[in-house]
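Here is the naming used below: chain letters follow the sequence lines, and residue numbers restart at 1 for every chain. Just so it is clear, the model here is predicted, and its values are computed rather than measured. Values below: all heavy atoms of this structure, side chains included; hydrogens, waters and symmetry mates excluded.
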Amino acid sequence: MKLYDKYPVSLTNSLSGKKEIVNPVNAGHIGMYVCGPTVYNYVHLGNVRTFMMFDIVARYFRFLGYKVRYVRNITDVGHLENDADEGEDKIAKKARLEQLEPMEVVKHYTDGFHEVMRQFNILPPNIEPSATGHIVEQIEIIRKLINNGFAYEVNGSVYFDVTRYNENHHYGILSGRVIEELMESGRKLDSQDEKRNKIDFALWKKASPYHIMRWPSPWGEGFPGWHIECTVMSTKYLGETFDLHGGGMDLKFPHHECEIAQAVGATGKNPVNYWLHTNMLTVNGQKMSKSLGNSFLPSELFTGNHALLEKGYGPMTVRFFMLQSHYSSTLDFSNEALSAAEKGYKKLSNALSTIKKLTYSGGGSPVPELTASLQKLVDELYRNMSDDFNTAKTLASLFEMSARINDFKSGNVQLNTVDQETFESFRNAFVGFMEDVLGLTEEDEHHQAILEGVINVLIELRKKARQDRDFSLSDKIRDDLKVMGVQLMDGKDGEMSFTIDKMSIY
RNA sequence: GGUCUCGUGGCCGAGUGGCUAGGCAGAGCUCUGCAAAAGCUUCUACAGCGGUUCGAAUCCGCUCGAGACCUCCA
């Protein structure tokens, strides 16, 4: 029996608003797509929350034995500012302002994004396609939409005909929007508009003579709209109907709504069985966003170089902090909450290194109640995660387990009062959920700083030894450090410096 | 204006018709050369007002408050 059969995953499907049990298109396989970043700027912590959440979704599916194909795109063209169909392309604007090639902008911020993902221990997706790499496919699907009567061309641009689509399909199925209300609210269609209706959205935009990002198409030189790239890249790699599509709550409308309309319009099939939306990270109750100017960059967080922070926090503390809440709730970011998280994470981290060092010694007589309670804790770990990826409850279980682990360590409870098989499954579950599922690991950069501090303490002791003319101790400190790859050097003035041989750390 | 979500103890945050969430902080105890770590015990709670129910923080209604989306945002 597979783990995913024993602990079937249920999740809140945004499409139905209800908790549903995951039943994959292909048994034993999960295909999932998540909208990645538009690489025109540095990612902030709100972005990180979404990618971290879906990292855990993918990790957990794998942990249960599913074969997962996780696709997360890079948006490097087509994402317009201000108004979906009238603003300037974000990448192109940045390129113009910084006097760079658009692809220089894309490269720079894509690298930055990957570095942030690495710092937070967010694993790379299986496929990371870019919009500019799929222009041909986008043109193809736009053609299909025109042929199917769901899109029309005007002056070298192509728009999706929402009203037409809504005649036989349901535009608003995901977001709950009513098309009549959308038609009434907001700004009116002005005379410059090419669209038949203001709720129509761009599939292809004609490039003005000075627009730098442009590709040839049946409708002249231009560039693709924002929504079409995700439809193309998700269905290309996952099939016309796939299991799971995720993204931030703020993409639900219009982006994801448009994706459904495009896919249904092109293939006649519902593209996604389960939609998953993560809620927003807030600061003082307000959504963290680039446009509001209240966003935190990961680097500001690590260094503590931000008005709202008293000190810096490591990436694992932040990871733990975010996992304490459910993905569907807003999470408020504050200094107090972070410092509480720092201590809580340390506790779990200590338990993790403790249990790794525990070795089972036989010769005892297992106590049935204890054995049963440990088995129950392991069972709860799976149940909590399978229940809509409830990381908060999972952490609560891990805290209970860490109390048991410390009992074993201190000898309050003898290790051999539980049978070996139970102990090993307990240990494997704790380590597995910490490292593989939740991705909580040691913080290397932090340790590097501590290492240098420790060496300085030893240097002070060695200076004292030299003053006392205790050269055997002085030499021992220097020689022992050298063995570990730390070279101490005595200066003429009695000061000491050191170099660390990086290779010896790894 | 329309659509929707939320309001839990000093703080952060799960949960949901009856059974301990958990973390941080506070108090006490054990351990302890000191400190730390750890274990145990313990105190603060479900915005307000009505209703349904044997029983509601959990369901329904209203009021107040906060936020999100409707326009670029994960």
Roughly, in whole Å, what's the span from [atom1] in [X] to [atom2] in [N]?
X: A:M249; N: B:rU3; atom1: CE; atom2: C1'; result: 13 Å
X: A:W275; N: B:rA74; atom1: CH2; atom2: C1'; result: 14 Å
X: A:F54; N: B:rA74; atom1: CZ; atom2: P; result: 13 Å
X: A:E257; N: B:rU3; atom1: CD; atom2: C1'; result: 13 Å
X: A:H245; N: B:rA74; atom1: NE2; atom2: C1'; result: 11 Å
X: A:Y42; N: B:rC73; atom1: OH; atom2: C1'; result: 19 Å

Both A:G46 and A:K19 contact RNA chain B. Which one's nearest nucleotide lies toward the 5' end?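 Checking each residue's closest nucleotide, the 5'-ward one belongs to A:K19.
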With [X], which residues qualify under salt bridge (charged side-chain N to carboxylate O under 4.0 Å, His left out), at least two apart?
X: A:E310; answer: none
X: A:K94; answer: A:E98
X: A:D250; answer: A:K287
X: A:K357; answer: none

Hey, can you tell me if [X] and [Y] have their rings parallel, tilted or perpendicular (30° and 60° cut-offs)?
X: A:H245; Y: A:W275; result: parallel
X: A:F408; Y: A:F426; result: perpendicular
X: A:Y60; Y: A:Y382; result: tilted

Between A:T371 and A:Q375, does the side-chain hydrogen bond (donor to acceptor under 3.5 Å, both in side chains) criterion hold? Intermediate values first, please. CA-CA 6 Å; A:T371 304; A:Q375 284 166 345; over 6 Å; no
Counting any heavy atom closer than 4.0 Å, what does [X] reach on the DNA or RNA strands: base, sugar-phosphate only, or nothing?
X: A:L251; value: sugar-phosphate
X: A:H277; value: nothing
X: A:M288; value: base
X: A:G247; value: sugar-phosphate

Enumerate the protein-to-nucleotides 25-28 of chain B contacts in which both atoms are nitrogen or oxygen and the separation is below 3.5 Å.
residue, atom, partner, partner atom, Å
B:rA25, OP1, A:K343, NZ, 3.1

Give each protein N/O atom lying under 3.5 Å from an N/O atom of nucleotides 29-35 of chain B, with the pair distance.
none

Partner of A:F296 under side-chain contact (heavy atoms from CB on, under 4.5 Å), chosen from A:V318, A:L281, A:V283, A:V48: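 Only match with A:F296 under side-chain contact (heavy atoms from CB on, under 4.5 Å): A:V283.
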Identify the residue among A:V77, A:V39, A:L100 that makes a side-chain contact (heavy atoms from CB on, under 4.5 Å) with A:V106.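 Looking at A:V77, A:V39, A:L100, the match for A:V106 under the side-chain contact (heavy atoms from CB on, under 4.5 Å) is A:V39.
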Aromatic ring centroids of A:Y313 and A:F120 under 6.0 Å?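 Between A:F120 and A:Y313, which both carry aromatic rings, the centre distance is not below 6.0 Å.
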Quick one: are the ring centres of A:F333 and A:F321 less than 6.0 Å apart?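 They qualify: ring centres under 6.0 Å apart.
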How far does the [atom1] atom of [N] sit from the matching atom of [M], given to the nearest Å?
N: B:rU42; M: B:rU3; atom1: P; value: 49 Å
N: B:rG15; M: B:rU20; atom1: C1'; value: 12 Å
N: B:rA45; M: B:rA14; atom1: C1'; value: 14 Å
N: B:rU63; M: B:rA74; atom1: C1'; value: 35 Å
N: B:rC64; M: B:rG26; atom1: P; value: 40 Å
N: B:rG17; M: B:rC12; atom1: C1'; value: 27 Å

A correct 5'-to-3' footprint of nucleotides 6-14 of chain B, with B, S and - meaning base, sugar-phosphate only and no protein heavy atom under 4.0 Å, is ------SSS
Has the side chain of A:Q262 got a donor or acceptor atom that lies under 3.5 Å from a matching backbone atom of A:H227?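 Side chain of A:Q262 to backbone of A:H227, a donor-acceptor pair under 3.5 Å: yes, one is there.
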Are any side-chain N or O atoms of A:T38 and backbone N or O atoms of A:Y40, one a donor and one an acceptor, separated by less than 3.5 Å?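 Checked: no pair found.
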Among residues two or more places apart or on two chains, list those pairs meeting salt bridge (charged side-chain N to carboxylate O under 4.0 Å, His left out) that have a residue in residues 390-403 of chain A.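 The answer is A:D387-A:K393.
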Sequence neighbours left out, what passes side chain to side chain contact (heavy atoms under 4.5 Å, CB included) with A:N428? Give chain and number order.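 Here no residue qualifies.
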Using a cutoff of under 3.5 Å, can you pull out all pairs of nitrogen or oxygen atoms linking the protein to nucleotides 36-39 of chain B, with atom names and distances?
residue, atom, partner, partner atom, Å
B:rA38, O3', A:N406, ND2, 3.0
B:rG39, OP1, A:N406, ND2, 3.3

Evaluate whether atom NZ of A:K409 has more than 12 neighbouring non-hydrogen atoms of other residues, nucleotides or ligands under 6.0 angstrom away.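 12 or below, so no.
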Dot-bracket for RNA chain B, 5' to 3', Watson-Crick and G-U pairs with both distances under 3.5 Å, [ ] for crossing pairs, | for partner on another strand, reads (((((((..(((.....[...))).(((((.......)))))....(((((..]....))))))))))))....
Nearest to side-chain heavy atoms of A:F253, which nucleotide of B:rA74, B:rC70, B:rC72: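 Among B:rA74, B:rC70, B:rC72, the one nearest the side chain of A:F253 is B:rC70.
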For A:F160, ring-ring contact (aromatic ring centres under 6.0 Å, His included) partners two or more places apart: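 A:F160: ring-ring contact (aromatic ring centres under 6.0 Å, His included) contacts with A:Y165, A:F201.
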Does a nitrogen or oxygen in the side chain of A:K287 sit under 4.0 Å from OP1 or OP2 of B:rC69?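 Looking at the OP1 and OP2 atoms of B:rC69, one of them is under 4.0 Å from a side-chain N or O of A:K287.
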